[in-house]
2 protein chains.
Amino acid sequence: MNFNAITISDIAKALNLSASTVSKALSDSYEISAKTKKLVVDYARENNYRPNPIAQSLKKGKSKSIGIVVPTIDNQFFSQVINGIESVAYEEGYNVIITQTHESYDVELLNINALTHRSIDGMLLSLSTETFNVDHLQKLQNQGLPIVFFDRVSDTINTHKVIADNFKGGYEATMHLIESGFKYIAHITSPAHTSITRERLAGYKKALTDKGFNVDDNYIKYCSHGGKSIAETKEAMDELLALPVRPDAIFAASDRITTTVLSLLHKSKIKIPAEMGLVGFNNTNLAELLNPALTAVHQPAFEIGKKATEMLLSIIKSRYPVTEFETVVMPTELFIRKSSVRD
Amino acid sequence: MNFNAITISDIAKALNLSASTVSKALSDSYEISAKTKKLVVDYARENNYRPNPIAQSLKKGKSKSIGIVVPTIDNQFFSQVINGIESVAYEEGYNVIITQTHESYDVELLNINALTHRSIDGMLLSLSTETFNVDHLQKLQNQGLPIVFFDRVSDTINTHKVIADNFKGGYEATMHLIESGFKYIAHITSPAHTSITRERLAGYKKALTDKGFNVDDNYIKYCSHGGKSIAETKEAMDELLALPVRPDAIFAASDRITTTVLSLLHKSKIKIPAEMGLVGFNNTNLAELLNPALTAVHQPAFEIGKKATEMLLSIIKSRYPVTEFETVVMPTELFIRKSSVRD
DNA sequence: TTGAAAGCGGTACCAC
DNA sequence: GTGGTACCGCTTTCAA
């Protein structure tokens with residue numbers, strides 16, 4: 001229901017004009033005389049006229065809304081990204097429809113389906129950990145739906161992508177642990193097939209080899225749902241703690257994995273950083289206040305959302321099919337705090 | 001753009017029927033023969049037909065979308081509430097449009113305006129700290145827009161409301177501090193006019209008087225933007241620390257105020273709980289991991305969102321104007337941790 | 001410079 | 001039981 005009942009034909013009647021004249025006057029068409037324009041525009045303003053966006057959508061075949069697909073919104077990284085998305089979307093008169101996959105491929109399919117049937121103009125998404133196959137997305141793109149990936153991107157689909165510099169983040173985190181004197185650095189991460197996992201892992205490995213350490217696969221653990229359940233993170237931790245040579249530091253690759261690892265270490269009464277150093281990929285604003293203060297790779301989440309939306313809108317607004325795509329890599333920042341620095 | 005091009009008239013043509021027959025068959029009208037229904041429904045399914053929601057909206061005067069107005073989404077309490085909202089909205093085929101006021105009355109006005117012009121079917125909102133005047137909302141309600149408040153509600157507008165048991169939360173938090181041996185318990189809260197402030201404050205005062213303590217207004221500090229800026233919380237803290245008899249405990253009344261207070265105490269090297277006990281209203285899942293672990297009043301945020309949405313949908317779907325309204329109070333829970341317990 | 005009319009995709013009233 | 005038609009509010013030819 002629109003609570004602003006006045007329509008174009010109301011204006012037309014009131015001014016003894018036709019609906020088409022009013023419509024054109026409001027869109028400042030060159031066909032309409034300055035005098036009529038003024039008349040119409042003034043009347044519209046006085047009566048607080050707003051075009052009905054639904055009628056406009058139906059007519060134009062555009063909905064002025066964009067769909068967002070994220071694993072979850074109850075996570076600082078993603079809520080900050082969404083903040084960034086909204087900041088530019090609203091500015092441009094678009095509204096956003098947020099859906100959460102909860103790391104399920106099936107739910108992701110359902111959400112994408114629901115969104116396309118909701119007539120969105122474009123889609124922003126970060127893949128769920130369960131998603132291997134992106135045929136459904138490729139199909140949508142082929143049908144002409146503008147899609148921009150962020151964070152967890154697809155290699156196979158050719159479109160704009162916005163990611164943090166995961167390689168650098170992984171490299172600096174690991175390098176920092178090495179330089180702080182840790183010798184047996186483990187890595188707990190998301191499933192091996194996701195883009196962020198591969199990039200962060202590559203950074204981790206490069207730092208180790210650069211410093212003359214061996215990369216030992218026993219020290220690398222994958223959580224198949226990106227740490228969604230505590231159980232999978234606990235399993236990874238248990239395996240690490242059971243190794244003949246127990247790791248003396250952990251580099252955790254995501255918000256949830258990081259905080260779960262911290263929690264598990266607390267429960268096991270393992271002292272941080274004395275017995276175990278810890279660095280995480282984490283966007284919480286509470287890092288400083290954790291026990292101990294958490295060394296973290298911080299991602300420019302807000303900026304990622306902003307940039308991704310700008311790129312999406314550029315495709316949506318483009319008059320010609322866009323075929324040249326770009327992957328934007330945003331810098332991460334390592335905040336060194338107590339969890340990785342021995343006294 | 002709808003990427004599922006098939007429409008009712010496509011089906012009609014293919015089956016040599018009229019559009020109206022197809023429409024009725026799809027809505028399982030009693031007028032249509034079983035045979036025709038089957039024909040149509042089968043064809044629709046095979047061809048993956050979906051009604052165009054925009055056309056439906058235009059025709060029915062309903063958009064199947066609800067507007068959300070919150071101070072900010074980058075806050076665990078609100079992101080959990082939104083999670084709850086979405087869980088029921090999507091289930092019922094509604095999508096949600098989220099807007100953030102950032103605690104500004106002007107932005108709240110703008111958002112509400114934008115939402116109503118977006119043809120929403122109903123609105124869920126939590127007032128900004130700056131909002132005294134709710135005439136604009138009263139006007140909308142009078143025009144027939146269903147509104148449900150949650151968290152920070154308006155007294156003057158008569159509609160459904162969902163809140164946490166703020167009085168009980170404030171009472172238990174304060175009582176717990178008293179029973180832990182603290183003698184000079186301060187309270188830092190949001191502006192005095194907001195509903196949550198009054199309720200939590202009342203609980204605080206009641207606990208003090210029940211235990212025979214005086215209520216001293218010098219120990220109660222208001223942050224005019226609910227702790228949005230660190231500066232206002234710092235000012236409150238500085239004033240408290242400068243009192244002739246410095247408080248030995250603080251009850252903080254919101255997520256942001258709580259974490260800012262914790263941070264400020266860290267910076268001032270004030271030991272918690274030895275020199276200062278701390279209890280907060282806080283929904284972070286990191287409470288356990290903070291330094292020290294944070295005693296907190298936890299609100300059932302997800303449930304609040306769920307309940308508010310159910311109530312909103314019940315108004316939206318009601319065939320008759322709803323005039324009987326209800327305020328649902330959901331229980332809070334006090335999690336006692338180290339920040340309020342002296343060894 | 002203005003207006004009539006068609007149509008976006010459905011729905012619903014009214015004939016047949 | 002089925003189909004014709006008008007209409008939701010707006011945009012866009014095309015004609016006047």
Side-chain angles (χ1 to χ4, degrees), chain A residues 1-41 43-44 47-65 93 116-121 144, chain B residues 1-41 43-44 47-65 93 116-121 144:
Chain A
M1 200 179 313
N2 192 317
F3 297 90
N4 210 36
I6 176 168
T7 70
I8 274 194
S9 72
D10 292 335
I11 300 180
K13 268 175 219 143
L15 298 170
N16 251 316
L17 290 169
S18 74
S20 42
T21 303
V22 174
S23 172
K24 286 173 196 162
L26 289 170
S27 56
D28 199 25
S29 161
Y30 66 91
E31 300 173 78
I32 305 297
S33 71
K35 187 163 147 265
T36 307
K37 272 185 196 167
K38 181 159 169 32
L39 197 67
V40 170
V41 169
Y43 185 89
N47 292 275
N48 196 23
Y49 166 80
R50 298 293 178 111
N52 178 329
I54 294 184
Q56 282 178 318
S57 296
L58 181 61
K59 181 66 192 173
K60 297 186 186 163
K62 303 199 158 281
S63 62
K64 281 278 204 171
S65 63
T116 54
H117 289 312
R118 276 255 163 217
S119 313
I120 53 168
D121 293 346
Chain B
M1 203 180 313
N2 191 316
F3 297 91
N4 212 30
I6 177 168
T7 72
I8 274 196
S9 71
D10 293 334
I11 300 181
K13 268 175 218 143
L15 268 36
N16 251 316
L17 291 168
S18 75
S20 41
T21 303
V22 173
S23 173
K24 286 174 196 161
L26 288 170
S27 55
D28 200 24
S29 161
Y30 66 92
E31 300 173 79
I32 305 296
S33 72
K35 188 160 147 269
T36 307
K37 272 185 195 167
K38 181 160 167 34
L39 198 67
V40 170
V41 169
Y43 186 90
N47 291 275
N48 196 24
Y49 166 78
R50 298 292 179 108
N52 178 329
I54 293 185
Q56 283 178 319
S57 297
L58 181 60
K59 180 67 190 171
K60 297 186 184 164
K62 304 197 155 277
S63 62
K64 281 278 204 172
S65 62
T116 54
H117 290 308
R118 275 255 164 220
S119 312
I120 52 168
D121 293 346

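Naming convention: chains lettered A, B, ... in sequence-line order (proteins, then strands); numbering from 1 in each chain.
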With A:K60 via salt bridge (Lys or Arg N to Asp or Glu O under 4.0 Å) - residues at least two apart: none
For A:A12, all residues meeting side-chain contact (heavy atoms from CB on, under 4.5 Å), sequence neighbours excluded: A:V22
For B:S57, side chain to side chain donor-acceptor pair (under 3.5 Å) partners two or more places apart: none
Candidates D:dC14, C:dC14, C:dT11 - which lies nearest the side chain of B:I8: C:dT11
A:Y49 side chain near D:dG9 phosphate (N/O to OP1/OP2, under 4.0 Å): no
Presence of B:T36 side-chain N/O under 4.0 Å of D:dT2 phosphate oxygens OP1/OP2: yes
NZ on A:K64 to CD1 on A:I120, rounded to 0.5 Å: 15.0 Å
Positive for side chain to side chain contact (heavy atoms under 4.5 Å, CB included) with B:Y43, one of B:D10, B:L17, B:I6: B:I6
Positions of residues 18-30 of chain B (non-hydrogen atom under 4.0 Å from DNA chain C), listed by number: B:S20, B:S23, B:K24
Residues in side chain to side chain donor-acceptor pair (under 3.5 Å) contact with B:S27, at least two apart in sequence or another chain: none
All side chain to side chain donor-acceptor pair (under 3.5 Å) counterparts of A:K13, not counting sequence neighbours: none
Inter-end axis angle, the helix from C:dT1-D:dA16 to C:dC16-D:dG1, with every axis fitted to five base pairs (rounded, 10 degrees): 50°
Partner residues of B:T21 under the side chain to side chain donor-acceptor pair (under 3.5 Å) criterion, sequence neighbours left out: B:S18
DNA chain D contacts among residues 9-17 of chain A, heavy-atom distance under 4.0 Å: none
A:S119 side chain vs A:S63 backbone, donor-acceptor pair below 3.5 Å: no
Salt bridge (charged side-chain N to carboxylate O under 4.0 Å, His left out) partners of residues 18-30 of chain B, not counting sequence neighbours, each pair once: B:K24-B:E31, B:D28-B:K37
B:E31 vs B:I54, nearer the 5' end of DNA chain C by closest nucleotide: B:I54
Heavy-atom closest contact (B:R118 atom, A:G93 atom, distance): NH2-O, 2.7 Å
Phosphate OP1/OP2 of C:dT11 contacted by B:Q56 side-chain N/O (<4.0 Å): yes
Beyond-backbone contact of A:L15 with A:V40, side-chain heavy atoms, under 4.5 angstrom: yes
For A:A44, side-chain contact (heavy atoms from CB on, under 4.5 Å) partners two or more places apart: A:I11, A:L26, A:Y49
Please list, pair by pair, any protein nitrogen or oxygen found under 3.5 Å from a nitrogen or oxygen in nucleotides 6-8 of chain C.
residue, atom, partner, partner atom, Å
C:dG7, N2, A:K59, NZ, 2.8
C:dG7, N3, A:K59, NZ, 3.2

